Amino acid sequence: MSSKTKPSADTVIERDGYAEIILSRPRQVNGVDTAVLRMREPTVEDMERYQDDKGTDAQREVRMIANLCEIAPDDVRKMPLRDYARLQAGVALFTT
């Protein structure tokens with residue numbers, strides 16, 4: 001991944017057990033135009049659910065991210081890769 005597309009510190013911000021992910025531009029999420037998504041910190045239960053889930057690694061990751069952000073998996077799937085990378089960076093905040 002080039003440095004141009006890497007999520008920067010100002011696109012993923014940790015606050016009190018949550019990550020705020022600033023999208024590259026507003027998107028329709030849960031039927032509402034949204035510029036920022038809030039992701040809760042994953043729990044051990046989330047990790048177990050992810051490991052027990054069926055499908056490819058990518059499909060499982062999409063469902064986990066959707067669950068953590070309380071949005072529909074299809075809303076995650078419709079995002080451009082640069083915003084998806086920001087969502088992945090949000091997960092990484094809590095797992096690294």
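These figures come from a predicted structure and were not determined experimentally. Residue numbers count from 1 along this sequence.
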One should read off an interatomic distance between Asp53 CG and Asn67 CG, to the nearest 0.5 angstrom, of 10.0 Å
Pair Glu41-Leu68, side-chain contact (heavy atoms from CB on, under 4.5 Å): steps then yes or no: CA-CA 7 Å; Glu41 184 171 5; Leu68 296 176; over 6 Å; no
Pro42 and Met64, any side-chain heavy atoms less than 4.5 Å apart: no
Specify the closest pair of heavy atoms between Met39 and Gly90, including all atoms of both residues, with the distance to one decimal. SD-C, 3.6 Å
What closest approach, in Å, do Arg25 and Arg82 show between heavy atoms, and which atom pair accounts for it? NH1-NH2, 3.2 Å
How many angstroms lie between CD in Glu61 and OH in Tyr84, if you round to the nearest 0.5 Å? 3.0 Å
Using 0.5 Å steps for rounding, measure from the CG atom of Asp46 to the CZ atom of Arg49. 5.5 Å
Can you confirm whether Val91 sits close enough to Ile65 that some side-chain heavy atom of one is under 4.5 Å from a side-chain heavy atom of the other? yes
Taking side-chain contact (heavy atoms from CB on, under 4.5 Å) as the definition, give me every residue that meets it alongside Gln59, ordered by chain and number, with sequence neighbours left out. Thr56, Arg63
A cation-pi test, strictly: NZ or CZ of Arg38 under 6.0 Å from the centre of the six-membered ring of Tyr18 and no more than 45 degrees from its axis. Yes or no? yes
What's the verdict on side-chain contact (heavy atoms from CB on, under 4.5 Å) for Ile13 and Arg15, showing C-alpha distance, side-chain angles and the deciding distance? CA-CA 6 Å; Ile13 304 161; Arg15 291 199 169 100; 3.9 Å; yes
At their closest point, which heavy atom of Met79 faces which heavy atom of Leu87, and how far apart are they? SD-CD1, 3.6 Å
Going by atom types alone, do Tyr50 and Glu45 pair a side-chain donor with an acceptor below 3.5 Å? no
CD (Glu70) with more than 12 external heavy atoms under 6.0 Å: no
Between the OG1 atom in Thr11 and the CD atom in Glu20, the distance rounded to the nearest 0.5 Å is 12.0 Å
State whether the side chain of Asp83 and the backbone N or O of Ser24 hold a donor-acceptor pair below 3.5 Å, judged by distance alone. yes
Over all heavy atoms of both residues, which pair between Ala19 and Leu93 is shortest? Give the atoms and the distance, please. CB-CD1, 3.9 Å
Can you tell if the side chain of Leu23 reaches within under 4.5 Å of the side chain of Leu37, non-hydrogen atoms only? yes
When you compare the side chains of Gln28 and Asp75, does any donor N or O come within less than 3.5 Å of an acceptor on the partner? no
Ignoring hydrogens and angles, tell me if any N or O in the side chain of Arg86 forms a donor-acceptor pair with the backbone of Ile22 under 3.5 Å. yes
